[in-house]
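Here the structure comes first, spelled out in structure tokens, and everything after it is commentary.
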Amino acid sequence: MGKKIWVSFIIIIILLIPLFGYEFWYVPNYSGDDYYTFVGNSYKEIIEKDDSGNDYREYYYNQKSYDKNGNEKLLKFNSTLGRPIKANNYLKVTYNDKHQQVISWQKVEKTNVPRKSLEQILK
């Protein structure tokens, strides 16, 4: 009986390792809180040269963004598209507190923006 209990205990521990890895490593590093913002033409364009001497452009944004409860946060992020984000779009921006940076953004329809966030954006 004692051997079965130890084997069961070890199997349970092995099965819980991925769950703990997800909760204590992946979630703090690769997820975050969602904020919503409206993008106009409010970007800063920076032109730099790559190693070959060719120009490339980066577009940076400083946006007032709002969580689902309407709480404001100033978020800084850039367009990874090689061009500015299309103007007059609503974005859902995911901010990671641990790294204090935006980890992703995506376009959303106005109808998908939470009501309290939308009220703050439209003020």
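- Not counting sequence neighbours, Tyr60 has no partner by the ring-ring contact (aromatic ring centres under 6.0 Å, His included) test.
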Please report the C-alpha distance between Asn54 and Lys49 in whole Å, then the side-chain angles of each, then the deciding distance to 0.1 Å, and finally whether the side chain to side chain donor-acceptor pair (under 3.5 Å) criterion is met. CA-CA 5 Å; Asn54 298 322; Lys49 294 199 179 291; over 6 Å; no

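- How far CZ of Phe9 is from CD1 of Ile14: 11.0 Å, rounded to the nearest 0.5 Å.
- Relative ring orientation between Phe77 and Trp105 is described as tilted, the plane-to-plane angle lying within the 30° to 60° band.
- For the ring-ring contact (aromatic ring centres under 6.0 Å, His included) test, residues two or more places apart in sequence or in another chain that qualify with Tyr90 are Phe38.
- Between the CG atom in Asp34 and the OG atom in Ser65 there is a gap of 11.0 Å [rounded to 0.5 Å].
- Placement of Val102 and Tyr59 within a single hydrophobic cluster is found when ILVMFWY residues are connected by side-chain heavy-atom separations under 4.5 Å, directly or transitively.
- Counting heavy atoms from C-beta outward, Ser79 and Tyr43 have side chains that stay 4.5 Å or more apart.
- Under the rule for a side chain to side chain contact (heavy atoms under 4.5 Å, CB included), Asp51 has no partner lying at least two apart in sequence or in another chain.
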Only distances under 3.5 Å count here; give the side-chain donor-acceptor pairs of residues 107-116 to other protein atoms, sequence neighbours excluded, each with its distance to 0.1 Å.
unit_1	atom_1	unit_2	atom_2	d
Arg115	NH1	Glu119	OE2	3.0

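- Annotation: the span from Lys73 atom NZ to Tyr66 atom OH amounts to 13.0 Å, rounded to 0.5 Å.
- More than 12 heavy-atom neighbours from other residues, nucleotides or ligands sit within 6.0 angstrom of NZ on Lys98.
- When each of Asp67, Asp97, Asn71 is checked for a side chain to side chain contact (heavy atoms under 4.5 Å, CB included) with Asp33, only Asp97 meets the rule.
- The line from CG of Asn29 to CG of Asn96 is 7.0 Å long, rounded to the nearest 0.5 Å.
- Ala87 and Asn41 get closest at one heavy-atom pair: CB-OD1, 3.3 Å.
- To the nearest 0.5 angstrom, Ile85 atom CD1 is 8.5 Å from Asn89 atom CG.
- Distance check, rounded to the nearest 0.5 Å: CD1 of Ile121 to CD of Gln63 gives 9.5 Å.
- Contact of the Pro84 side chain with the Tyr61 side chain is registered, since non-hydrogen atoms from C-beta on lie closer than 4.5 Å.
- The side chain to side chain contact (heavy atoms under 4.5 Å, CB included) with Leu75 is formed by just one residue from the set Val93, Thr37, Asn62; it is Val93.
- Partners of Glu58 under the salt bridge (charged side-chain N to carboxylate O under 4.0 Å, His left out) rule, at least two apart in sequence or in another chain, do not exist in this structure.
- Side-chain atoms of Tyr95 and Gln101 form no donor-acceptor pair, as typed in the model, at a separation below 3.5 Å.
- With hydrophobic clusters built from ILVMFWY side chains whose heavy atoms lie under 4.5 angstrom apart, Ile12 does not share a cluster with Ile17.
- Contacts of Lys123 classified as salt bridge (charged side-chain N to carboxylate O under 4.0 Å, His left out), with partners at least two apart in sequence or in another chain: none.
- Criterion: ILVMFWY side-chain heavy atoms under 4.5 Å apart, direct or through other members. Under it, Ile13 and Trp6 are part of a common hydrophobic cluster.
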